[in-house]
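Predicted model, so just to flag it, every value in this text is computed and none were measured. Quick note: numbers below take in every heavy atom, side chains included, and nothing from hydrogens, waters or symmetry partners.
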Amino acid sequence: EAADTRMLWRNGILVDDHCRRFDDPHTGSWVELSPDETTVRFRVACDGLVFEGVAKALFERPYVQCTRYHRGNGSLQWWGNLSLETGRLLLNGTEIALPTGTWGGYDRTIGHRRPVQNWNWVATIGRGVDTKTGAPVSYALSAATDQAQALPIANAAKNSLWIDGAHYKLPELVFEYEITHPVSRDTGTWRLTCDAPQGAVDLTIEPRFRRRETKRTPLLYDVDFNQYYGDLRGRVRVGGRDVTIEGGFALAEDAWLVM
């Protein structure tokens, strides 16, 4: 539920000139991307937990997009996928080895913040099966869309799908879900859909647990950031492939940020 975020003058994050290494002196956490952008080294530390390792780029290529907002402001984003080479998790002094070949995704963004951000986002990676042949198929999905209160709204079509390593960009992804408890922001099942000539998506996420971060300082910032982790199932169709997904795992976001 809780998170320790240092904003404005309390933000001590250090960034190198190429935006490839980020350091947090307060916790000793850091992440570094190699110059050829094929290797990520990282160490993430917080109370009672250390997560560190080395991972290599996975699949055909990352998704890279520059989005212009207004008055020359904008952002540059990299969304990609990784395969763990070495890694370990220390939890309250107990070491948990992480299997080589474990998959994950990353989101790297630099640029300007819009004054009012209100978004949905989803990320998932795993293995499904070819609906016609039953053969195993790798997949990954990273997608984001503005909600109604974003200012300004940017219809950036940031919807990336990888099937067996090949990258495809979808024109839209619709997020449907119901806030079942307005105070806690609990939700029911999420449904993600796209029906376009470039491809089709019909997926559901059943939240199993979540993380929420709320912070408010009058006239400075207002944050309500919600992440939902759960079971993924459904079908995707793109590039002549029809893939069925069962027993997947996904992260979805419902976020509000004013600065």
Side-chain angles (χ1 to χ4, degrees), residues 1 51 55 57-60 62-63 77 79-84 87 89 98-99 101-107 119-147 157-181 184-196 198-212 225-255:
E1 283 293 314
F51 174 38
L58 184 67
F59 299 158
E60 176 190 21
Y63 159 79
Q77 293 180 296
W79 291 351
N81 305 284
L82 298 169
S83 178
L84 194 68
L89 182 69
L98 301 176
T102 299
W103 288 356
Y106 68 87
D107 171 3
W119 75 83
N120 287 131
W121 184 64
V122 64
T124 181
I125 185 171
R127 292 180 174 88
V129 296
D130 188 296
T131 306
K132 297 178 181 178
T133 68
V137 179
S138 63
Y139 69 86
L141 172 68
S142 293
T145 187
D146 280 346
Q147 296 192 62
K158 295 185 289 187
N159 310 303
S160 279
L161 179 64
W162 292 262
I163 297 295
D164 267 349
H167 175 259
Y168 304 89
K169 185 173 181 180
L170 303 175
E172 65 176 3
L173 190 69
V174 178
F175 291 72
E176 297 176 276
Y177 57 100
E178 180 182 359
I179 304 294
T180 57
H181 196 295
S184 67
R185 300 289 293 182
D186 286 335
T187 76
T189 301
W190 291 56
R191 189 180 183 201
L192 314 178
T193 57
C194 172
D195 187 6
Q198 295 91 330
V201 173
D202 191 353
L203 299 169
T204 61
I205 302 172
E206 192 69 42
R208 284 198 283 144
F209 52 93
R210 67 179 180 82
R211 168 181 174 261
R212 188 180 193 190
F225 178 63
N226 299 271
Q227 293 183 317
Y228 304 87
Y229 303 80
D231 300 315
L232 177 77
R233 59 181 49 86
R235 293 175 69 176
V236 298
R237 187 183 73 250
V238 68
R241 306 291 298 276
D242 192 329
V243 180
T244 299
I245 299 169
E246 293 288 345
F249 186 76
L251 159 65
E253 292 181 352
D254 172 298

**Report entry** Where Ile245 and Tyr139 come nearest, the two heavy atoms and their spacing
**Finding:** CG2-OH, 3.5 Å
**Report entry** Heavy-atom closest pair, residues Thr187 and Pro207
**Finding:** OG1-CG, 3.7 Å
**Report entry** Under 3.5 Å donor-acceptor, Glu60 side chain and His167 backbone
**Finding:** yes
Query raised in the report: For the side chain to side chain contact (heavy atoms under 4.5 Å, CB included) test, which of Val236, Asp164, Leu161 pairs with Val243?
Result: Val236
Query raised in the report: Any salt bridge (charged side-chain N to carboxylate O under 4.0 Å, His left out) pairs touching residues 167-177, not counting sequence neighbours?
Result: none
**Report entry** Nearest non-hydrogen partners of Val238 and Gln198, listed with the distance
**Finding:** CG2-O, 3.3 Å
Report summary line: By side-chain hydrogen bond (donor to acceptor under 3.5 Å, both in side chains), Asp242 pairs with (sequence neighbours left out) Thr131, Arg235
Query - Any residue meeting side-chain hydrogen bond (donor to acceptor under 3.5 Å, both in side chains) with Glu206, in chain and number order, not counting sequence neighbours - result: Thr189
Query raised in the report: Can you tell me how far CG of Leu192 sits from CG of Asn120, rounded to the nearest 0.5 angstrom?
Result: 9.0 Å
Report summary line: Tested for ring-ring contact (aromatic ring centres under 6.0 Å, His included) against Trp190, the lone hit among Tyr177, Trp121, Tyr229 is Tyr177
Query - Passing candidate, salt bridge (charged side-chain N to carboxylate O under 4.0 Å, His left out) with Asp254, options Arg185, Arg211, Arg210 - result: Arg185
**Report entry** salt bridge (Lys or Arg N to Asp or Glu O under 4.0 Å) involving Arg191 - partner list, sequence neighbours excluded
**Finding:** Asp202
Report task. Find out whether Leu58 and Ile125 are in side-chain contact, i.e. whether some heavy atom of one side chain is under 4.5 Å from a heavy atom of the other. Result -> yes
**Report entry** Tyr63, Tyr106, Phe59 screened by ring-ring contact (aromatic ring centres under 6.0 Å, His included) with Trp79, the one that passes
**Finding:** Tyr63
Query raised in the report: What pairs with Asp231 under side-chain hydrogen bond (donor to acceptor under 3.5 Å, both in side chains), at least two apart in sequence or on another chain?
Result: Arg208
Report summary line: Distance col, row Ser184:OG vs Arg212:CZ, nearest 0.5 angstrom, shows 7.0 Å
Query raised in the report: Once you round to the nearest 0.5 Å, how far does CH2 of Trp119 lie from CD of Glu253?
Result: 6.5 Å
Requested in this report: Looking only at non-hydrogen atoms, find the nearest pair between Gly188 and Thr180 and report the distance.
Outcome: N-CG2, 3.5 Å
Query raised in the report: To the nearest 0.5 Å, how far apart are CG in Leu173 and CG in Asn159?
Result: 5.5 Å
Requested in this report: Kindly write out the residues that satisfy salt bridge (Lys or Arg N to Asp or Glu O under 4.0 Å) with Glu246, not counting sequence neighbours, or none if the list is empty.
Outcome: Arg233
Report summary line: Distance col, row Thr204:OG1 vs Leu232:CG, nearest 0.5 angstrom, shows 7.0 Å
